[in-house]
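What follows is a set of notes on a single structure, which appears directly below.
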Amino acid sequence: MGIDAKLGQTAAKVAPEFQAPSLADWEKASAKASPGGDVHNLNWVTPDGITVKPLYTAQDIEGLPHANTLPGFAPYIRGPQTTMYAGRPWTIRQYAGFSTAEESNAFYRKALAAGGQGVSVAFDLATHRGYDSDHPRVTGDVGKAGVAIDSVEDMKILFDQIPLDKVSVSMTMNGAVLPVLAGYVVAAEEQGVSQDQLSGTIQNDILKEFMVRNTYIYPPQPSMKIIGDIIEYTSKNMPKFNSISISGYHMQEAGANQALELAFTLADGKEYVKTATAKGMDVDDFAGRLSFFWAIGMNFYLEIAKMRAARLLWCRIMQDFGAKKPKSLMLRTHCQTSGWSLTEQDPYNNVVRTTIEAMAAVFGGTQSLHTNSFDEAIALPTEFSARIARNTQLIIQEETHITNVIDPWAGSYMMETLTQEMADKAWAIFEEVEAMGGMTAAVDSGWAKLKIEAAAAEKQARIDSGKDVIVGVNKYKLAKEDPIDILEVDNVKVRDSQIERLNAIKQQRDAALVAQALDALTSAAQSGQGNLLDLSIQAMRLRATVGEVSDALEKVFGRHRADTQKVTGVYAAAYDSAEGWDKLKTEIDQAAESLGRRPRVMIAKLGQDGHDRGAKVVATAFADLGFDVDMGPLFQTPEECARQAIENDVHAVGVSTLAAGHKTLVPAIIEELKKQGADDIIVFVGGVVPAQDYDFLFKAGVKGVYGPGTAIPASAKDVLENIKKAAAR
């Protein structure tokens with residue numbers, strides 16, 4: 001007799017006799033406790049348009065084809081490995097990088113000693129955008145939101161005493177992917193580690209950069225050529241290394257709901273596979289080294305369903321390409337808890353948020369995980385906060401016994417239903433993309449970016465109006481916030497040290513050989529012949545710099561310029577039932593009469609910070625309220641921003657900052673406005689600004705600072721009052 005039969009006998013002995021009620025019986029009994037006497041009023045409609053019911057039964061999963069699948073077998077809904085965490089837990093990663101290579105190296109070594117199992121590198125924005133630290137456009141960006149890397153010498157320091165044949169390395173790099181990956185390969189070689197021993201992942205996902213994160217360099221078409229060359233080179237020479245991490249993370253961080261994130265990421269993946277096969281590669285020769293990267297936010301059930309649905313759909317997509325090997329069909333993923341869900345207000349709540357999100361990632365079956373630190377809505381994480389984030393994963397792995405059961409949600413009436421509904425919703429969007437000609441076309445048209453921006457504006461309006469609760473921000477707010485310790489990077493000191501090292505490298509290298517290697521890159525870009533990663537490795541061995549390799553390609557490819565179109569009406573539609581909206585619109589109309597024109601603001605991004613979710617949402621909301629709104633192009637210098645503000649005759653400039661450059665760049669824009677005779681234009685600042693920095697900014701001349709969690713109508717009211725005061729002077 002099997003164990004299941006024995007359990008059945010036991011249950012028969014101890015269970016009381018009862019008549020199973022019908023669903024209609026439950027609905028009738030529950031009606032009294034339901035709003036309006038209708039149990040269907042308890043349904044929750046997600047931002048994705050999926051209806052989540054308060055009760056699921058066996059009827060909901062009747063006929064679902066995946067209800068009886070097993071882990072390790074197609075379509076891999078229950079996980080890509082047969083034993084999942086019961087055999088080996090997920091890899092604990094710590095995404096970090098700040099200041100100099102020396103400081104980041106010290107952080108990595110401490111993290112590895114404290115239980116970290118892989119290194120995930122965050123690069124500064126200058127490196128992302130292919131600029132060396134001495135470039136005049138990056139004065140406020142060097143070392144601020146990641147580690148500054150200009151050459152192989154920086155890479156060697158970054159991985160000093162970290163054995164690259166044993167420690168996997170994940171690098172979040174897309175724009176300057178060629179020189180950065182080449183620098184890592186050369187640093188490993190000079191450590192005595194051959195290319196075939198290297199393990200890890202390079203993000204190398206450029207299409208999502210054009211939609212959300214904006215750390216691109218070249219236009220879409222040549223960028224796709226670079227991706228194809230990297231897939232080709234790594235499949236031949238770096239068999240343990242993942243050539244691409246197809247990222248939905250930044251889409252969700254920019255405002256996409258789970259269905260959009262899933263659909264667009266899978267569509268990106270399909271585009272990359274098409275690019276590789278167009279080079280004559282067999283899909284089974286490279287598909288097993290493709291990996292994915294998901295954001296995990298506070299929508300607990302849907303995040304689990306999203307990850308299960310992703311494996312189902314990717315298996316389907318790869319079968320359509322004729323993939324045969326199991327590894328080609330299975331979606332493997334890294335996850336990171338949401339940075340956007342973290343709050344500046346009552347920040348220790350973020351420890352709870354990160355724990356919940358980490359649990360969703362684990363229940364969804366991630367292969368590796370990074371947990372964000374509680375202070376990341378304010379500044380770079382301290383060692384104290386990073387240890388809590390890392391220990392969150394260790395506690396889940398070591399103390400809860402969650403790892404002992406493979407996919408405990410399998411067979412759940414609710415989860416199996418949500419998995420199918422998430423798959424259906426994402427597939428419908430995926431087919432829209434296909435009808436446009438694929439993701440490159442959808443990105444080129446701007447359609448995909450606008451879809452995400454509309455979702456972001458709607459979400460922010462729901463928070464600002466109180467429809468979506470954020471504990472400590474729009475409900476259960478503290479009367480007084482206590483300051484917390486933050487990590488601050490001395491941007492000037494880091495830049496000076498980087499320039500000193502750059503100068504030393506240029507004096508010691510063979511300049512003629514470097515020039516030849518760079519010319520070879522330019523020629524290959526022109527002709528389309530040769531592998532660009534191979535040529536980049538040759539140049540970096542000779543001590544070419546990140547900026548020089550990027551410039552050699554820019555001569556042919558050019559530098560991409562994004563459009564500044566914005567969505568309209570979305571914020572107002574989601575907010576306008578809230579008290580005070582119409583009153584504020586009336587005040588703006590009255591101000592327009594007294595000013596002789598509508599109050600005009602310019603929303604600006606300075607330096608190399610391309611994270612424009614906040615800027616676009618603010619621009620949309622201000623326009624919906626009745627302001628005239630100009631959007632400055634990304635990556636402006638303070639001089640360029642001041643000139644545009646004067647030419648457009650604005651009353652105010654709003655600087656959106658998410659990359660810690662505010663103490664350098666905001667005083668610079670104020671000074672530039674004075675220099676150009678426009679000190680009547682007021683400046684306000686929004687974004688990730690620590691409370692400790694508010695006084696600094698006010699003393700510099702800023703009229704308003706609006707940190708994370710500030711309701712947009714409140715900031716709009718304050719900006720309006722400051723414009724009226726300035727006009728009255």
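- Looking at every heavy atom in both residues, Ile396 comes nearest to Val362 through CG2-CG2, 4.4 Å.
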**OP:** Let me see the working for Thr234 and Arg289 under side chain to side chain contact (heavy atoms under 4.5 Å, CB included), right down to the final yes or no.
**Re:** CA-CA 9 Å; Thr234 53; Arg289 300 314 304 175; over 6 Å; no

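- When ring centroids are compared, Phe292 and Trp314 come within the 6.0 Å threshold.
- In this structure, Gly118 and Thr91 approach most closely via the heavy-atom pair N-CG2, 4.4 Å.
- A salt bridge (Lys or Arg N to Asp or Glu O under 4.0 Å) check over residues 328-344, counting only residues at least two apart or in different chains, returns nothing.
- For the pair Lys156 and Asp154, the salt-bridge criterion is not met [side-chain N within less than 4.0 Å of a carboxylate O].
- Of the possible donor and acceptor atoms, one in the side chain of Ser291 sits under 3.5 Å from a partner among the backbone N and O of Ile244.
- Taking the six-membered ring for Trp and thresholds of 30 and 60 degrees, Tyr184 and Phe241 have ring planes inclined between 30 and 60 degrees apart.
- Formation of a donor-acceptor pair under 3.5 Å by the Asp48 side chain with backbone atoms of Ile50 is not found in this model.
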Original post:
Should Met422 and Leu312 be marked as a side chain to side chain contact (heavy atoms under 4.5 Å, CB included) after you check the CA-CA gap, both sets of side-chain angles, and the distance that decides it?
Top reply: CA-CA 11 Å; Met422 179 60 70; Leu312 171 71; over 6 Å; no

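- The two residues Thr51 and Tyr56 have their closest heavy-atom pair at O-OH, 3.8 Å.
- Screening Lys475, Arg462, Gln460 for a side chain to side chain donor-acceptor pair (under 3.5 Å) involving Asp468 leaves a single residue, Arg462.
- Ser104 places no side-chain N or O within donor-acceptor distance of the main-chain N or O of Ala101, the cut-off being under 3.5 Å.
- For the residue pair Asn257 / Glu261, no side-chain donor-acceptor distance below 3.5 Å is found, with atom types taken as modelled.
- Between Ser338 and Glu253, the side chains place a donor N or O and an acceptor N or O closer than 3.5 Å (distance only, hydrogens not considered).
- Considering only heavy atoms from C-beta on, Thr371 stays 4.5 Å or farther from Arg390 through its side chain.
- Rounding to the nearest 0.5 Å places OG1 of Thr366 at 7.0 Å from CD1 of Ile296.
- Using cut-offs of 30° and 60° on the angle between ring planes, the pair Trp409 and Phe363 is perpendicular.
- Here Tyr476 contributes atom OH and Asp346 contributes atom CG; the two are 13.0 Å apart, rounded to the nearest 0.5 Å.
- Between Gln191 and Ile162 the shortest heavy-atom distance is NE2-O, 3.1 Å.
- In this structure the side chain of Val121 reaches within 4.5 angstrom of the side chain of Val169, judged on heavy atoms.
- The closest side-chain donor-acceptor pair between Arg93 and Ser168 falls under 3.5 angstrom.
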Original post:
Does the side chain to side chain contact (heavy atoms under 4.5 Å, CB included) test come out yes or no for Val180 and Phe123, once each step is laid out?
Top reply: CA-CA 10 Å; Val180 166; Phe123 297 94; 3.5 Å; yes

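- Of all non-hydrogen atoms in Phe293 and Ser245, the two that sit nearest each other are CB-OG, 3.4 Å.
- Side chains of Thr337 and Arg353: a donor-acceptor N/O pair is absent below 3.5 angstrom, by distance only.
- A salt bridge between Glu383 and Lys110 is present, with a side-chain N of the basic residue lying under 4.0 Å from a carboxylate O of the acidic one.
- Using a 4.5 Å heavy-atom threshold, the side chains of Lys208 and Asn174 count as touching.
- Side-chain contact, Ser194 with Gln197: a donor N or O sits under 3.5 Å from an acceptor N or O.
- At least one side-chain heavy atom of Leu55 sits less than 4.5 Å from a side-chain heavy atom of Leu23.
- The main-chain N or O of Ala295 is never found under 3.5 Å from a side-chain atom of Gln336 such that the two would form a donor-acceptor pair.
- Ring orientation note: the planes of Phe159 and Tyr108 are close to parallel, at an angle under 30° on the 30°/60° scale.
- When all heavy atoms of Leu260 and Ala455 are compared, the closest pair comes out as CD1-CB, 4.2 Å.
- In this structure, CZ in Arg308 is found 11.0 Å from CD in Gln420, a value given to the nearest 0.5 Å.
- Residues Val212 and Arg613 have side chains not in contact (no heavy-atom distance under 4.5 Å, counting atoms from C-beta outward).
- With values rounded to the nearest 0.5 angstrom, Met173 atom CE is found 10.5 Å from Leu181 atom CG.
- Glu303 is not listed as a side-chain neighbour of Glu357, based on a closest heavy-atom distance of 4.5 Å or more.
- Lys240 NZ: more than 12 foreign heavy atoms inside a 6.0 Å radius.
- The only member of Arg109, Glu103, Glu102 that meets side chain to side chain donor-acceptor pair (under 3.5 Å) when paired with Asn105 is Arg109.
- Of the possible polar contacts, one joining the Gln367 side chain to the Gly365 backbone as a donor-acceptor pair under 3.5 Å is found.
- For the residue pair Thr265/Asp268, the side-chain donor-acceptor check at 3.5 Å is not satisfied.
- A side-chain N or O of Trp90 and one of Gln393 form a donor-acceptor pair less than 3.5 Å apart.
- The neighbour count for Phe73 CZ, taken as heavy atoms of other residues, nucleotides or ligands under 6.0 Å away, does not exceed 12.
- In this structure, the separation between OG on Ser247 and CD on Glu209 is 8.0 Å, given to the nearest 0.5 Å.
- Ser120 and His370 are not linked by any side-chain donor-acceptor pair at a separation below 3.5 angstrom, with hydrogens and angles left out of the test.
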**OP:** In sequence, state the C-alpha distance, the side-chain angles, and the governing distance for Ser385 and Ile388, and then conclude on side chain to side chain contact (heavy atoms under 4.5 Å, CB included).
**Re:** CA-CA 5 Å; Ser385 65; Ile388 292 174; 5.7 Å; no

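- You'll find the side chain of Asn43 reaches within 4.5 Å of the side chain of Pro54, heavy atoms only.
- Donor-acceptor pairing under 3.5 Å is lacking for the side chains of Thr417 and Asp60.
- Looking at heavy atoms from C-beta onward, Asn242 lies out of side-chain contact with Ile202 at the 4.5 angstrom threshold.
- Between the Arg78 side chain and the Pro71 main chain, no donor and acceptor come within less than 3.5 Å of each other.
- Between the side chain of Asn350 and the backbone N or O of Phe374 there is at least one donor-acceptor pair closer than 3.5 Å.
- In this structure, the separation between OG on Ser243 and CD on Gln203 is 12.5 Å, given to the nearest 0.5 Å.
- In this structure, a donor-acceptor pair under 3.5 Å is absent between the side chains of Glu481 and Gln345.
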**OP:** For the pair Asp375 and Ser373, evaluate side-chain hydrogen bond (donor to acceptor under 3.5 Å, both in side chains) and give the outcome as yes or no after the intermediate values.
**Re:** CA-CA 6 Å; Asp375 50 359; Ser373 302; 4.5 Å; no

